[in-house]
J.: 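Quick one: structure below, then a few questions.
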Amino acid sequence: MSDKFYITTPIYYVNSAPHLGTVYCTLAADTIRRYQAMLGRRTLLVTGSDEHSQNVERAAKKKGLSPYDFSTELAAEFQREWNLFGIPYRFIRTSDPRHHETVQWLFGRCRANGYIEKGSYTGQYCFNCELYVNDAGPGDPCPDCQRPTETVTEENYFFKLSKFEKPLLELYEKQPDFVVPDYRMNEIISFVRGGLRDLSITRSNLQWGIPVPVEGHHVFYVWFDALISYLTAVRDEGWWPADVHLIGKDILRFHAIYWPAFLMAADLPLPRRIVAHGWILKDSVKMSKSRGNVVRPEPLRQVIGADPLRYFLLREIPFGQDGNFSYDALITRLNADLANGLGNLVSRTLTMIRQYRGGRIPAGTPDEAIRQQAEETIRAWRAAFDAFEFHRGLEQLWSLLGAVDKAIVAYQPWILAKKEDAESQAKLDTILSTAAEVIRIAAVLLAPVMPEAAQKIWSQLGMAGIVESERLDRLAWGGLGKDQAIGEVEAVFPRLDMAKTIAKIEQIDEAEAARIDALLGRAPAAESQPAWQRPEGVPPLAPEITIDDFARVDLRVAKVLAAERVKGADKLLHLTVDVAEEKPRTIVAGIAEKYAPEELVGRKVVIVANLAPRKLRGLVSQGMIVAASLENGPPVLVGPWEDVPVGARLK
RNA sequence: GCCGGUGUAGCUCAGUGGUUAGAGCGACGGUCUCAUAAUCCGUAGGUCGUAGGUUCAAAUCCUACCGCCGGCACCA
């Protein structure tokens with residue numbers, strides 16, 4: 001087993017400020033790092049900022065800053081957040097000259113090994129998403145943002161990803177836990193089995209990026225930039241390879257396929273594991289800027305504290321799965337588990353020790369059942385944390401705490417205290433020392449999850465030193481000092497009032513939202529009247545066109561003669577339509593989810609009649625049906641209000 | 001359409017062949033008093049998605065179907 005442990009979070013895109021999702025990932029990484037440190041390893045957590053992109057260029061311009069200065073402000077915002085959360089980290093910025101060097105160096109190695117090739121590429125590009133849209137035709141909208149794509153031809157450098165199909169599959173086979181959870185590993189395997197295409201890794205249409213060391217104006221594609229920061233951060237220091245790349249499930253493919261392929265091409269060691277977590281949903285709905293339901297972390301931290309938030313996120317959400325966040329669930333769980341559970345147990349135990357034993361933890365014979373359960377809990381905790389199943393470890397520990405609460409009631413120490421016989425006094429010593437010992441063990445186990453609270457409990461128990469310098473691999477029953485004097489007793493987890501707590505969070509959130517808008521250079525919401533907001537699902541207007549542009553589009557009224565489902569496709573209908581031509585046309589339309597074939601026959605619809613034919617599922621579609629829809633909404637067919645002969649042109 | 005997962009008490013989930021199917025939370029009733037209106041006890045009566053099948057015995061294995069989730073394909 002290695003004595004070092006290097007973990008990374010993604011480097012976060014400076015397009016937005018930290019939100020609950022990034023905080024979740026970073027807190028989890030911090031917990032894993034602390035856990036590993038308590039196993040005696042040298043540890044390092046790297047996080048950072050991903051700064052090169054056209055979006056950043058644009059946002060900076062809007063704010064009147066250079067991309068670098070804009071990014072500097074945002075990078076500072078991230079660092080500030082991690083500082084406030086008490087997370088030790090090393091921060092890497094992609095704009096750092098050291099990083100530029102590393103990327104160019106890696107490019108050089110891949111090239112020298114024959115895995116880089118020059119080629120040209122023509123495709124539909126979405127400037128908003130900075131993505132090529134596979135298989136899109138001219139004028140097609142972007143699948144993600146619905147904005148129109150533009151036809152772009154670039155001479156680019158390609159990474160020969162296709163050569164790594166086999167090596168990657170061998171890697172996955174040899175290391176089935178390369179990707180965690182296992183169902184994500186399966187997804188990756190089946191994706192790679194489906195074949196890999198070479199990857200264009202340079203762009204010539206932006207400036208704000210890392211220059212490719214060749215003639216021309218190329219910069220590197222974001223993924224042949226961002227991923228490499230994991231390497232830049234620790235070059236020549238012996239930390240590489242990373243032990244864990246902790247990421248969100250949305251960027252798994254880049255980490256599990258591209259990244260190992262880049263490293264193989266450059267003859268470098270591969271990271272040991274890619275661990276993908278799920279998304280946090282707000283009230284069961286995905287968080288997004290357009291929905292305006294993004295949860296800002298600062299108000300939560302300020303009102304309930306970093307530790308309780310850490311506990312909630314790791315306990316409530318089975319790691320790897322999507323999880324739900326709501327104020328109600330948060331406060332309910334914190335009150336139940338932390339205030340009523342752990343906090344109250346510490347409080348009642350220490351109070352009894354003070355009242356019945358003068359503030360000294362008596363040396364007693366342990367309660368055997370509790371001792372056994374405690375030792376089992378330590379084992380289970382280790383197993384759960386090694387497998388990134390934090391919620392299971394926490395669950396186990398809490399059932400131990402519950403057992404202690406039950407035992408206290410069974411022993412009735414308040415009655416024992418009033419009896420003077422030796423047997424009663426011995427029993428009193430047993431329950432008090434047993435409870436105190438469990439609390440000591442809990443403090444050590446919890447230290448990676450709630451470092452501050454664990455330290456408080458540790459000190460209240462009268463333990464000397466720093467709880468995090470304890471070794472989890474040596475943790476066992478019986479670590480209390482003889483006749484140890486306890487410290488000052490104080491509530492560690494105050495009970496939260498649901499309504500007041502939520503009100504406080506929302507109040508702080510208002511100011512925080514405004515501060516972040518200003519930081520990102522977004523229009524500040526006018527004070528008197530709220531800024532107009534585009535209704536959900538309504539896409540922004542396409543760029544202006546002239547009448548001539550419009551005249552090039554030939555829209556015609558057509559009548560559906562026949563309709564049937566297309567085999568092997570959910571969304572496609574095969575339509576035969578009459579457009580007053582010599583022969584009826586075939587049109588393949590993606591409306592099968594909304595319209596049954598039989599209800600279409602005989603209807604008059606509008607088609608784009610002069611669209612270049614396109615092959616879909618083996619059928620040649622000669623045109624496109626006009627339908628209206630919101631983003632991701634069902635299409636609604638458009639037809640004439642009054643009857644009009646087929647073949648009529650729309651102008 | 002293909003691949004994978006999943007469907008268990010109001011909620012979140014545990015339970016991979018064998019006594020009357022469990023936990024936590026929430027709710028209701030009761031209790032102790034060491035404790036943060038905490039703890040503890042009891043109650044809540046869930047066709048274990050549906051229909052078949054295998055078996056002495058199935059929530060647990062098999063088949064089909066339905067719902068949901070994810071990936072891919074496909075579309076807009």
Side-chain angles (χ1 to χ4, degrees), chain A residues 133-137 140-144 146 181-195 249-250 252-253 276 278-279 284 315-318 320-324 326 328-329 332-333 335-356 391-392 394-396 398-399 401-417 428 431-432 435 489-497 565-573 588-594 614 616-618 621 624-635:
Chain A
V133 180
N134 289 337
D135 307 325
D140 284 353
C142 168
D144 291 330
Q146 309 297 320
D182 52 357
Y183 51 89
R184 298 273 170 220
M185 179 80 269
N186 294 337
E187 279 174 23
I188 291 295
I189 290 171
S190 72
F191 184 87
V192 173
R193 280 202 185 126
K249 64 179 183 183
D250 48 326
L252 176 59
R253 201 180 302 163
W279 284 328
S284 307
R315 174 62 186 87
E316 183 82 2
I317 303 170
Q321 294 180 30
D322 289 353
N324 198 28
S326 69
D328 192 88
T332 301
R333 183 170 282 288
N335 280 338
D337 292 3
L338 296 186
N340 301 350
L342 175 60
N344 186 56
L345 177 62
V346 171
S347 165
R348 69 193 304 203
T349 301
L350 295 181
T351 303
M352 285 190 284
I353 288 171
R354 192 166 54 194
Q355 285 182 19
Y356 305 147
H391 66 290
R392 298 220 177 211
L394 290 164
E395 197 178 9
Q396 286 268 348
W398 254 256
S399 88
L401 299 179
V404 175
D405 264 332
K406 282 192 199 3
I408 289 175
V409 170
Y411 276 83
Q412 302 187 84
W414 44 94
I415 290 175
L416 296 173
L428 181 56
I431 187 60
L432 293 180
V489 181
E490 198 188 349
V492 185
F493 303 107
R495 167 165 270 275
L496 302 166
D497 179 279
R565 293 188 170 278
V566 175
K567 253 197 241 165
D570 302 340
K571 302 187 182 176
L572 297 184
L573 287 185
V588 180
I591 54 173
E593 287 181 329
K594 164 96 191 242
R614 201 173 152 206
L616 295 169
R617 284 267 147 186
S621 181
M624 193 168 95
I625 293 252
V626 175
S629 69
L630 291 173
E631 285 182 31
N632 300 320

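Every chain is numbered from 1 and lettered A, B, ... according to where its sequence line falls, protein lines coming before strand lines.
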J.: Using the P atom in both, what is the distance from B/rG71 to B/rC56, to the nearest Å?
T.: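 Roughly 44 Å separates the two P atoms.
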J.: Write down the atom of A/Pro413, the atom of A/Ile431, and the distance for their closest heavy-atom approach.
T.: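 Distance-wise, the nearest heavy atoms are CB-CG2, 4.1 Å.
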J.: Which pairs, protein N/O on one side and nucleotides 7-14 of chain B N/O on the other, fall under 3.5 Å?
T.:
none

J.: Taking all non-hydrogen atoms of both residues, which atom of A/Ile408 and which atom of A/Met352 are closest, and how far apart?
T.: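 In terms of heavy atoms, the two residues are closest at CG2-CE, 4.0 Å.
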J.: Nearest heavy atom decides the nucleotide; on that basis, is A/Tyr183 or A/Asp337 closer to the 5' end of RNA chain B?
T.: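 Whichever sits nearer the 5' end wins; that is A/Tyr183.
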J.: Just to be sure I understand: a Watson-Crick pair is purine N1 to pyrimidine N3 plus N6-O4 or O6-N4, both under 3.5 Å. Using that and G-U wobbles, which stems of three or more pairs involve RNA chain B?
T.: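 Ordered by first number, the stems with RNA chain B (at least 3 consecutive pairs each) read B:1-7 with B:66-72, B:10-13 with B:22-25, B:27-30 with B:40-43, B:49-53 with B:61-65.
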J.: How long is the span from the OG atom in A/Ser399 to the NZ atom in A/Lys406, to the nearest 0.5 Å?
T.: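 If I round to the nearest 0.5 Å, the distance is 9.0 Å.
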J.: What's the gap between B/rA21 and B/rC62 when it is taken at their P atoms, as a whole Å value?
T.: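 Nearest-Å result for B/rA21 against B/rC62 at atom P: 23 Å.
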J.: Hey, what do you get for CZ (A/Arg354) to CG (A/Leu432), rounding to the nearest 0.5 Å?
T.: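 It comes to 13.5 Å.
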J.: Between B/rU12 and B/rC74, how far is it from one C1' atom to the other, in whole Å?
T.: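 Between the two C1' atoms, the distance is 36 Å.
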J.: Looking at OH of A/Tyr183 and CD of A/Gln321, how far apart are the two atoms once the value is rounded to the nearest 0.5 Å?
T.: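 It comes to 5.0 Å.
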J.: When the nearest nucleotide of RNA chain B is assigned to A/Gly343 and to A/Lys249 on a heavy-atom basis, which residue is associated with the more 5' position?
T.: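 Whichever sits nearer the 5' end wins; that is A/Gly343.
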J.: Between atom CG in A/Asp250 and atom P in B/rG70, what is the gap in whole Å?
T.: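 To the nearest whole Å, that distance equals 13 Å.
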J.: Using atom CG of A/Asp182 as one end and atom P of B/rG5 as the other, report the distance to the nearest whole Å.
T.: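 Distance, rounded to whole Å: 10 Å.
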J.: Checking all strands, does A/Val492 fall into the base, sugar-phosphate, or nothing category for heavy-atom contacts under 4.0 angstrom?
T.: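 It contacts base atoms.
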J.: So if I take every side-chain heavy atom of A/Tyr356 and compare against B/rC25, B/rA38, B/rC34, which nucleotide ends up nearest?
T.: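 The nucleotide sitting nearest to the side chain is B/rC34.
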J.: In whole Å, what is the span from the CG atom of A/Leu401 to the C1' atom of B/rA35?
T.: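 Those two atoms, CG and C1', are 15 Å apart.
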J.: Restricting to nitrogen or oxygen on both sides, can you table the protein-nucleotides 41-44 of chain B pairs closer than 3.5 Å?
T.:
none

J.: Nearest whole Å is fine: how far is B/rA35 P from A/Ile353 CD1?
T.: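 Whole-Å distance recorded here is 13 Å.
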J.: Of all the heavy-atom pairs spanning A/Leu428 and A/Ala417, show the shortest one and how long it is.
T.: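 Heavy-atom minimum between the residues: CD2-CA, 3.9 Å.
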J.: Hey, are A/Arg184 and A/Glu187 close enough for a salt bridge, meaning a charged N less than 4.0 Å from a carboxylate O?
T.: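 Salt bridge present between A/Arg184 and A/Glu187.
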J.: Quick one: which of B/rA35, B/rU36, B/rC32 gets closest to the side chain of A/Trp414?
T.: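 So the side chain of A/Trp414 is nearest to B/rC32.
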J.: Examine B/rA38: is either OP1 or OP2 under 4.0 Å from a nitrogen or oxygen in the side chain of A/Arg495? Give yes or no.
T.: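 Indeed, a polar side-chain atom of A/Arg495 lies that close.
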J.: Taking the P atom in each of B/rU36 and B/rG29, what is the distance between them to the nearest angstrom?
T.: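 It works out to 24 Å between them.
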J.: If I take atom CG from residue A/Asn344 and atom CG from residue A/Leu401, how far apart are they, to the nearest 0.5 angstrom?
T.: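 If I round to the nearest 0.5 Å, the distance is 11.0 Å.
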J.: For atom P, what is the distance between B/rU50 and B/rU33, given to the nearest Å?
T.: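 Approximately 48 Å lies between the P atom of B/rU50 and that of B/rU33.
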J.: What distance, rounded to whole Å, do you find between the two P atoms, one in B/rG49 and one in B/rC13?
T.: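 Taking atom P in both B/rG49 and B/rC13, they lie 15 Å apart.
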J.: Just compare B/rC34, B/rC40, B/rC25 and give me whichever is closest to any side-chain atom of A/Met352.
T.: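 Closest of the options to the side chain of A/Met352: B/rC34.
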J.: Taking the side chain of A/Asp405 as heavy atoms from C-beta outward, which of B/rG70, B/rA35, B/rU39 is closest to it?
T.: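 Ranking B/rG70, B/rA35, B/rU39 by closest atom to the A/Asp405 side chain puts B/rU39 first.
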J.: Could you check whether A/Gly194 gets within reach of a base, just the sugar-phosphate, or nothing at all, counting any heavy atom under 4.0 Å?
T.: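 Result for A/Gly194 = nothing.
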J.: Might you work through the side chain to side chain contact (heavy atoms under 4.5 Å, CB included) test for A/Glu316 and A/Asn324, ending with a clear yes or no?
T.: CA-CA 8 Å; A/Glu316 183 82 2; A/Asn324 198 28; over 6 Å; no
J.: Which atoms form the tightest heavy-atom contact between A/Leu345 and A/Val404, and what is the distance?
T.: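 That would be CD1-CG1, 3.8 Å.
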J.: At under 4.0 Å between heavy atoms, what does A/Thr332 touch on the DNA or RNA strands: base, sugar-phosphate, or nothing?
T.: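 Result for A/Thr332 = sugar-phosphate.
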J.: For the pair made of CZ in A/Phe493 and C1' in B/rU36, what is the distance, rounded to whole Å?
T.: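 A/Phe493 atom CZ is separated from B/rU36 atom C1' by 12 Å.
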J.: In whole angstrom, what separates A/Ile408's CD1 from B/rU31's C1'?
T.: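 Rounded to whole Å, this separation is 16 Å.
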J.: Can you give me the closest heavy-atom contact between A/Asn340 and A/Ala336, atom names plus distance?
T.: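 Result for this residue pair: CB-O, 3.5 Å.
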J.: For the P atoms, the ones on B/rG5 and on B/rG15, what distance do you get once it is rounded to whole angstrom?
T.: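 Between the two P atoms, the distance is 16 Å.
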J.: Taking the P atom in each of B/rG26 and B/rU39, what is the distance between them to the nearest angstrom?
T.: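 It works out to 8 Å between them.
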J.: For the atom pair CG (A/Asp337) and OG1 (A/Thr332), what is the distance rounded to the nearest 0.5 Å?
T.: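 Rounded to the nearest 0.5 Å, the CG-OG1 separation comes out at 10.5 Å.
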J.: Between B/rC3 atom P and A/Arg184 atom CZ, what is the distance in whole Å?
T.: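 Value for this atom pair: 19 Å.
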J.: Enter the distance from A/Ile188:CD1 to A/Met185:CE here, rounded to the nearest 0.5 Å.
T.: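 Reported to 0.5 Å precision, the distance equals 6.5 Å.
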J.: Determine the contact category for A/Phe191: base if any of its heavy atoms lies under 4.0 Å from a base atom, sugar-phosphate if only primed atoms, P, OP1 or OP2 are that close, otherwise nothing.
T.: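 Answer is sugar-phosphate: A/Phe191 comes under 4.0 Å of backbone atoms only.
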J.: Categorize A/Asn186 for me: base, sugar-phosphate, or nothing, with a 4.0 angstrom heavy-atom threshold over every strand shown.
T.: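 Contact class for A/Asn186: none.
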J.: When only distance counts, do a donor and an acceptor, one from the side chain of A/Asn340 and one from the base of B/rA38, lie under 3.5 Å apart?
T.: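 Check fails, no donor-acceptor contact within cut-off.
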J.: What's the CD-C1' distance between A/Gln412 and B/rU39, to the nearest Å?
T.: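 Going from CD in A/Gln412 over to C1' in B/rU39 covers 12 Å.
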J.: Please report the shortest heavy-atom distance between A/Leu342 and A/Phe493, naming the atom on each side.
T.: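 A/Leu342 and A/Phe493 have their closest heavy atoms at CD2-CE1, 3.6 Å.
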